[in-house]
Peer 1: 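Next up is a structure, given as C-alpha cells.
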Amino acid sequence: MRSSLGAVCALAVLATALSAGCQNAPGGVDENGRPAGQRTVTVSPSPIRTSGYGAVFLGIDECSSFGRTSFTEVSCTGERAAARVVARHDGTVRDGPRCPATTDFVLHISEQRPASDEDGDGAVPRGYACMRNLQPPHPGDPGGGGGPRTIVGDCVRGLDDGQVRETACDGEGEQRPEYRVTEAVDARSRCPASTTLYVRLGGSSPVGCASPV
C-alpha cells in the first residue's frame, strides 16, 4: 500500500483487473487535506528533564494523549495516554527511515526553537513519531484497513479513477475489500500465478502480490 510515505501504486496483470494508479495514502485525505494515517502537530516543548517522559519530546516508548489535530506528551501510565511511540526520527518521512510495519499512524512534529528562559525550555527539531495505539483498534495490523504502510495481509479496493485504497479485510469498513496482498517479493516475476494486482510496498521487498478476496 505504501512507499515510504504510504504511497500506493497498483497495476493489473489481467485485462479485466484495475488500471495503473497511485494514491498518497491508504485512506485518502482527512478533513485538513492531509493523507490519512498521518497527522501533523505543532509542539510546545516541556522543560527538559533528565529522566521520565519529557526528556525528549515523544521519544521512543513515550506516549501521547488523545486528539486529532494536537497532541500532548503524557505519562504512559496515566488515563490520558492514547498511543505509544514505537520509532522516532528527525527530518521528514520522505527522507527518513520507514516506520515499523504495524504502525497505526504517524505524527509529524514541527520544528520549534524557543529562546531559553527560566523554565529551561529546549528546542524540538523537525521530525516524526511512529505511533501505536495502546488499545485496539490497530489499523496498522495486517488487514486492519489503515496505517501509513501496506503490508502482507492487507486488503485494497479499486477506485473509479483506477487508484486503489486500503480497506479492512473483515468488510466492516466503509468499502468492501476486493484484493488481499498475499506476498511481498523483490520483483513481479516472483509473484504467484494467482496474482491479479501489483501493489507498491517499498523496502527490500517492494512488490506486493495481490489476489481477489
Side-chain angles (χ1 to χ4, degrees), residues 1-30 33-40 86-87 89 91-108 127-132 138-171 173-213:
M1 165 177 99
R2 284 143 260 190
S3 64
S4 61
L5 274 174
V8 179
C9 292
L11 178 65
V13 177
L14 303 179
T16 56
L18 297 175
S19 60
C22 299
Q23 73 170 50
N24 289 330
V29 297
D30 62 19
R34 292 189 299 269
Q38 303 184 34
R39 307 174 189 175
T40 300
V86 294
H89 305 288
T92 66
V93 173
R94 183 182 300 276
D95 300 325
R98 306 174 78 208
C99 282
T102 56
T103 297
D104 287 330
F105 63 95
V106 178
L107 290 182
H108 297 265
Y128 58 99
C130 308
M131 308 298 296
R132 175 82 173 171
H138 293 291
D141 282 351
R149 292 183 54 186
T150 292
I151 57 179
V152 173
D154 279 342
C155 293
V156 299
R157 65 171 289 106
L159 303 178
D160 291 340
D161 57 3
Q163 298 179 345
V164 297
R165 175 177 295 173
E166 185 179 338
T167 188
C169 289
D170 61 10
E174 295 182 2
Q175 303 291 335
R176 296 190 63 81
E178 295 178 340
Y179 302 90
R180 186 192 301 268
V181 179
T182 59
E183 294 186 37
V185 296
D186 58 6
R188 294 181 182 181
S189 60
R190 296 184 180 275
C191 284
S194 59
T195 301
T196 56
L197 197 71
Y198 297 121
V199 180
R200 185 185 298 171
L201 304 181
S204 59
S205 299
V207 179
C209 313
S211 302
V213 176

Peer 1: Between D154 (side chain) and G143 (backbone), is there a donor-acceptor pair under 3.5 Å?
Peer 2: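 Here the side-chain-to-backbone pair exists.
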Peer 1: To the nearest 0.5 Å, what is the distance between NE2 on H138 and OG1 on T103?
Peer 2: 12.0 Å
Peer 1: Indicate the atoms forming the closest heavy-atom contact of V185 with C191, along with that distance.
Peer 2: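 Looking at all heavy atoms of both residues, the closest pair is CG2-SG, 3.8 Å.
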Peer 1: Does any N or O in the side chain of S194 come within less than 3.5 Å of the main-chain N or O of S211, such that one atom is a donor and the other an acceptor?
Peer 2: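 Pair absent, no side-chain N/O of S194 close to backbone of S211.
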Peer 1: Working to the nearest 0.5 angstrom, can you tell me the gap between R98 CZ and L201 CG?
Peer 2: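 The CG atom of L201 is 7.5 Å from CZ of R98, to the nearest 0.5 Å.
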Peer 1: Answer yes or no: is there a donor N or O on one side and an acceptor on the other, between the side chain of R132 and the main chain of T102, under 3.5 Å?
Peer 2: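 Flag set: sc R132 to bb T102 pair under 3.5 Å.
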Peer 1: Give me the atom names and distance for the closest heavy-atom approach of T196 to P212.
Peer 2: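 Here T196 and P212 meet closest at OG1-CD, 3.3 Å.
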Peer 1: Between H108 and V93, which heavy-atom pair has the shortest distance, and what is it?
Peer 2: CE1-CG2, 3.1 Å
Peer 1: Minimum heavy-atom separation for G140 to I151, with atom names?
Peer 2: O-CD1, 3.6 Å
Peer 1: Could you tell me whether the side chain of R180 and the main chain of V213 form a donor-acceptor pair under 3.5 Å?
Peer 2: no
Peer 1: Would you sort out whether V164 and V199 count as a side chain to side chain contact (heavy atoms under 4.5 Å, CB included), showing the intermediate values?
Peer 2: CA-CA 9 Å; V164 297; V199 180; 5.5 Å; no
Peer 1: Working to the nearest 0.5 Å, report the span between SG of C130 and CG of L107.
Peer 2: 9.0 Å
Peer 1: From Y128 OH over to H89 NE2, what is the distance, rounded to the nearest 0.5 angstrom?
Peer 2: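 Here the interatomic distance stands at 4.5 Å.
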Peer 1: Backbone N or O of M131 within a donor-acceptor pair of the D104 side chain at under 3.5 Å?
Peer 2: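 Here the side-chain-to-backbone pair does not exist.
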Peer 1: Which heavy atom of G153 sits nearest a heavy atom of C169, and at what distance?
Peer 2: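 That would be O-SG, 3.3 Å.
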Peer 1: If we ignore hydrogens and angles and just use 3.5 Å, is the side chain of T182 paired with the main-chain N or O of C209 as donor and acceptor?
Peer 2: yes
